[in-house]
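Input: a single structure, listed below in structure tokens.
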Number of protein chains: 2
Amino acid sequence: MPSTLGFAILAALAKGAKTGYELTAVMNRPVSYFWTARHSQIHADLQKLLTDGLVRFEAEHGPGPQGKKVYHLTSEGRAVLREWVTEPPRARTERDELVLKTFASWLADPAEMAELFRVQLALHEERIAHYEHQQASFERTPDPGEPAFGNYATLWCGLSYERHRAAWCRWMIERLDPAA
Amino acid sequence: MPSTLGFAILAALAKGAKTGYELTAVMNRPVSYFWTARHSQIHADLQKLLTDGLVRFEAEHGPGPQGKKVYHLTSEGRAVLREWVTEPPRARTERDELVLKTFASWLADPAEMAELFRVQLALHEERIAHYEHQQASFERTPDPGEPAFGNYATLWCGLSYERHRAAWCRWMIERLDPAA
DNA sequence: TGCCGCATGTAACGTGTTACATGATTCC
DNA sequence: GGAATCATGTAACACGTTACATGCGGCA
């Protein structure tokens with residue numbers, strides 16, 4: 001069984017063959033793609049997927065000492081991915097540093113704390129604008145079965161998340177620093 | 001500098017002295033406390049905090065081969081914690097298995113996928129009820145500076161998060177299985 | 001010629017989970 | 001006497017990040 005990152009790689013390859021470098025580029029921006037990884041880990045995982053027969057590659061002449069490897073799913077890889085998709089996800093362990101800081105915020109100066117949340121709020125508002133722009137670029141809502149459905153659905157989730165987060169920041173600022 | 005778990009331990013101890021066992025109990029339930037850890041890690045981290053002089057313990061006669069150690073913050077530990085609280089959090093890497101599955105959901109049977117989201121929705125609704133019950137047990141909104149403020153503020157965040165999540169699940173179900 | 005982007009990999013380290021290991025106290 | 005709970009710790013492994021290491025191709 002691949003690791004979760006392994007499935008993330010399979011999911012990315014399901015949309016088209018890619019090099020490890022291109023996979024890295026996809027996984028570096030968390031925008032509407034909720035898993036990240038560095039190239040070192042991706043290369044390591046690709047080798048595991050390779051020995052498990054879930055991906056294969058075509059070697060192409062390219063830059064670097066090792067050339068270029070364009071990876072694609074095998075039929076077994078596609079089957080394993082399809083099966084994984086509908087299995088219930090493992091309960092995720094929440095680990096959120098800002099919430100942890102909030103838990104201990106009664107020790108701090110409220111005005112200083114409010115400043116922290118103002119910075120966070122600005123970040124969320126930026127992302128909301130970015131996501132809304134992306135959403136507008138869809139002419140219509142894709143149907144399940146279309147590859148774009150995954151993009152649209154994760155974007156919806158991301159937007160909703162950012163709005164929830166922004167609302168929380170506003171509430172915190174209001175509570176911490178009602179004067180401003 | 002302590003690890004983030006180290007700060008989580010300091011934050012918990014700021015509200016009162018505890019044994020490693022009691023800390024484990026607190027960190028096992030993610031309810032309104034967004035950091036989790038197992039006892040093995042907590043004991044390891046406590047020893048680091050100890051050598052850094054951020055916590056101290058009183059040995060008490062108790063169960064087990066080693067007896068019982070009641071840990072409490074030192075004044076330095078309290079100072080380090082207070083300073084950390086208002087520092088900007090590191091950007092968190094999103095890792096969400098359900099969103100990843102959603103990204104690849106175009107490969108799966110929509111009805112099966114909808115079932116997955118129905119199960120998730122039920123979990124979120126359960127937590128919402130739980131959190132609302134907890135929220136109602138506050139007679140009034142605590143002010144910043146009161147220790148309970150941290151509890152209330154993280155609870156607010158948790159509730160908001162669960163509602164966002166539930167809304168997303170409903171949207172997904174509607175899209176995947178409009179007939180039902 | 002020199003820099004940037006493409007492209008692959010290894011090694012050391014930090015963090016987190018699971019399993020192993022021990023044993024006193026309390027309640028039935 | 002036995003089981004559950006309290007209580008602490010170690011070891012092996014998995015996962016993730018950062019830093020190290022190499023070198024081709026294209027462009028200025």
Side-chain angles (χ1 to χ4, degrees), chain A residues 1-9 12-13 17-30 34-52 55 57-71 90-97 100, chain B residues 1-9 12 17-30 33-52 55-71 89-97 100:
Chain A
M1 254 263 293
S3 64
T4 310
L5 173 59
F7 285 113
I9 292 171
L13 291 181
K18 284 174 192 60
T19 67
Y21 190 85
E22 287 168 329
L23 280 167
T24 306
V26 170
M27 305 246 177
N28 265 342
R29 43 163 176 259
F34 288 70
W35 209 271
T36 56
R38 307 305 172 103
H39 82 273
S40 59
Q41 220 188 325
I42 287 172
H43 283 298
D45 248 74
L46 275 172
Q47 288 184 15
K48 254 191 289 178
L49 294 173
L50 203 59
T51 59
D52 291 351
V55 300
F57 68 84
E58 258 75 62
E60 281 185 22
H61 181 71
Q66 287 93 0
K68 183 189 203 175
K69 296 173 182 176
V70 182
Y71 289 89
R90 286 183 293 260
R92 61 214 207 80
T93 45
E94 291 283 358
R95 285 222 177 75
D96 191 319
E97 206 174 302
L100 184 58
Chain B
M1 253 262 296
S3 63
T4 310
L5 173 58
F7 285 113
I9 292 171
K18 285 172 190 62
T19 66
Y21 189 85
E22 288 169 327
L23 280 168
T24 305
V26 170
M27 305 248 179
N28 265 343
R29 45 165 174 256
Y33 197 80
F34 288 70
W35 209 271
T36 56
R38 307 305 173 103
H39 81 272
S40 59
Q41 219 188 327
I42 287 172
H43 283 297
D45 246 74
L46 276 171
Q47 288 184 15
K48 254 191 289 176
L49 293 172
L50 203 60
T51 59
D52 291 352
V55 300
R56 260 204 287 272
F57 68 85
E58 258 76 61
E60 281 185 21
H61 180 72
Q66 287 94 1
K68 181 189 205 177
K69 296 173 180 176
V70 182
Y71 289 90
R90 285 183 292 261
R92 64 216 206 79
T93 46
E94 291 283 0
R95 287 219 176 77
D96 191 320
E97 207 174 300
L100 184 57

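All chains are named by letter (A, B, ...) in the order of the sequence lines, taking the proteins before the strands, and each is independently numbered beginning at 1. What's counted below: heavy atoms across the whole structure, side chains too, no hydrogens, waters or symmetry copies. On a predicted model such as this, the values are computed, not experimentally measured, just so you know.
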Rounded off to whole Å, could you give me the [atom1]-to-[atom2] distance for the [X] and [N] pair?
X	N	atom1	atom2	value
Arg95(A)	dG16(D)	CZ	P	12 Å
Leu46(A)	dA7(C)	CG	P	14 Å
Phe57(B)	dA7(D)	CZ	P	15 Å
Met27(A)	dT17(D)	CE	C1'	16 Å
Asp45(A)	dG16(D)	CG	C1'	11 Å
Lys68(A)	dT8(C)	NZ	P	8 Å
Leu5(B)	dT17(C)	CG	C1'	13 Å
Lys18(B)	dA7(D)	NZ	P	13 Å

Just compare [options] and give me whichever is closest to any side-chain atom of [X].
X	options	result
Lys48(B)	dG5(C), dC15(D), dT15(C)	dT15(C)
Tyr71(B)	dT15(C), dG9(D), dG16(D)	dG9(D)
Glu22(A)	dT8(D), dA7(C), dA7(D)	dA7(C)

Determine the minimum heavy-atom distance between [X] and [Y], stating which atoms define it.
X	Y	answer
Val55(A)	Leu50(A)	O-CD1, 3.4 Å
Trp35(A)	Leu100(B)	CE3-CD2, 4.2 Å
Leu49(B)	Gly6(B)	CD1-O, 3.9 Å
Ile42(B)	Ala37(B)	CG1-CB, 4.0 Å
Gly20(A)	Leu46(A)	CA-CD1, 4.0 Å

Rounded distance (nearest 0.5 Å) linking atom NZ of Lys69(A) with atom CD of Glu60(A)
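The CD atom of Glu60(A) is 13.0 Å from NZ of Lys69(A), to the nearest 0.5 Å.
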If I take atom CZ from residue Phe34(A) and atom CZ from residue Arg95(B), how far apart are they, to the nearest 0.5 angstrom?
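So the CZ of Phe34(A) and the CZ of Arg95(B) are separated by 13.0 Å.
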Restricting both atoms to N or O, compile the protein contacts to nucleotides 12-14 of chain C shorter than 3.5 Å, with distance only.
none

Reading nucleotides 18-27 of chain C 5' to 3', which nucleotides get B (base under 4.0 Å from a protein heavy atom), which S (sugar-phosphate only), which -?
BB--BBBS--
Is any side-chain nitrogen or oxygen of Lys69(B) closer than 4.0 Å to OP1 or OP2 of dC6(D)?
no
Among residues at least two apart in sequence or on other chains, which ones pass side chain to side chain donor-acceptor pair (under 3.5 Å) with Glu97(B)?
Arg90(A)
Check whether Glu22(A) reaches the backbone of Thr19(A) with its side chain - one donor and one acceptor, N or O, closer than 3.5 Å.
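The answer is yes, because a donor-acceptor pair under 3.5 Å joins these two groups.
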Sugar-phosphate, base or nothing in reach of Arg90(A), heavy atoms under 4.0 Å
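Nothing, no nucleic acid heavy atom in range.
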